[in-house]
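A short worksheet on the structure shown next.
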Amino acid sequence: MDMHIENLGNVCRISIDGELNIYSAAQAKDDLVAALTKCEEIEMNLAHVNEIDAAGLQLLALVKQETSARNVPVQFVMHSQAVLEMLDLCNLVGVFGDPVVLPSAQN
């Protein structure tokens with residue numbers, strides 16, 4: 001998993017590439033918590049998350065919880081198919097409260 005953090009004024013754009021799973025969650029947690037302290041607003045791009053498990057989902061929930069506690073707006077954007085499937089499987093699309101763009105059905 002690779003994480004890219006781009007500071008644009010008071011907005012941090014964070015993109016995650018690769019797996020967001022039990023093997024990468026501990027390192028990602030440390031990086032994300034450090035980024036949360038430096039940002040007034042966060043946008044997390046999940047377009048390139050190709051695998052997510054319960055640990056990855058917990059990490060996204062932690063980001064929501066920490067940003068809420070700090071009054072920092074956070075938005076998850078560009079959900080990958082893997083992320084959409086996990087949110088749907090756990091019935092958490094509405095809990096995260098972000099606009100989710102569902103892909104059109106392909107034949």
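Keep in mind that the numbers below use all heavy atoms, side chains included, and drop hydrogens, waters and symmetry copies.
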Query raised in the report: Can L57 and C90 be said to form a side chain to side chain contact (heavy atoms under 4.5 Å, CB included), step by step?
Result: CA-CA 9 Å; L57 192 56; C90 297; 3.7 Å; yes
Query raised in the report: Does one hydrophobic cluster hold both L59 and L92, with members joined at side-chain heavy-atom distances below 4.5 Å?
Result: yes
Query raised in the report: Counting only N and O atoms by type, is there a donor-acceptor contact under 3.5 Å from the side chain of T67 to the main-chain atoms of K64?
Result: yes
Query raised in the report: Once you round to the nearest 0.5 Å, how far does CE of M86 lie from CD of E51?
Result: 9.0 Å
Query raised in the report: Side chain of S24, backbone of E19: donor and acceptor closer than 3.5 Å?
Result: yes
Report task. Using a 4.5 Å cut-off on heavy atoms from C-beta on, say whether the side chain of V63 contacts that of V74. Result -> yes
Query - Note, L46 side chain near H79 side chain (heavy atom, < 4.5 Å) - result: yes
Query raised in the report: Side-chain heavy atoms under 4.5 angstrom apart, residues restricted to Ile, Leu, Val, Met, Phe, Trp, Tyr: same cluster for L8 and I5?
Result: no
Query raised in the report: Do the side-chain N and O atoms of E41 and N10 include a donor-acceptor pair separated by under 3.5 angstrom?
Result: no
**Report entry** Side-chain touch H4/I16, heavy atoms, less than 4.5 angstrom
**Finding:** no
Query - CG on L32 to CG on L62, rounded to 0.5 Å - result: 8.0 Å
Report task. Taking only Lys NZ, Arg NE, NH1 and NH2, and the carboxylate oxygens of Asp or Glu, determine whether E43 and R13 approach each other closer than 4.0 Å. Result -> yes
Query - Any M1 side-chain heavy atom under 4.5 Å of L20 side chain - result: yes
Report summary line: The side chain to side chain contact (heavy atoms under 4.5 Å, CB included) partner of V83 among N50, V49, D88 is V49
Query - Option from I42, V72, I14, D31 for which side chain to side chain contact (heavy atoms under 4.5 Å, CB included) with L36 holds - result: I42
Requested in this report: Measure the OG1-CZ distance between T37 and R70 for me, rounded to the nearest 0.5 Å.
Outcome: 6.5 Å
Requested in this report: Nearest 0.5 Å please: distance from the CG atom of N21 over to the CG atom of D53.
Outcome: 5.0 Å
Report summary line: Rounding to 0.5 Å, atoms OG (S15) and CE (M44) come to a distance of 9.0 Å
Report summary line: Shortest non-hydrogen pair, S80 vs A47, comes out as CB-O, 3.4 Å
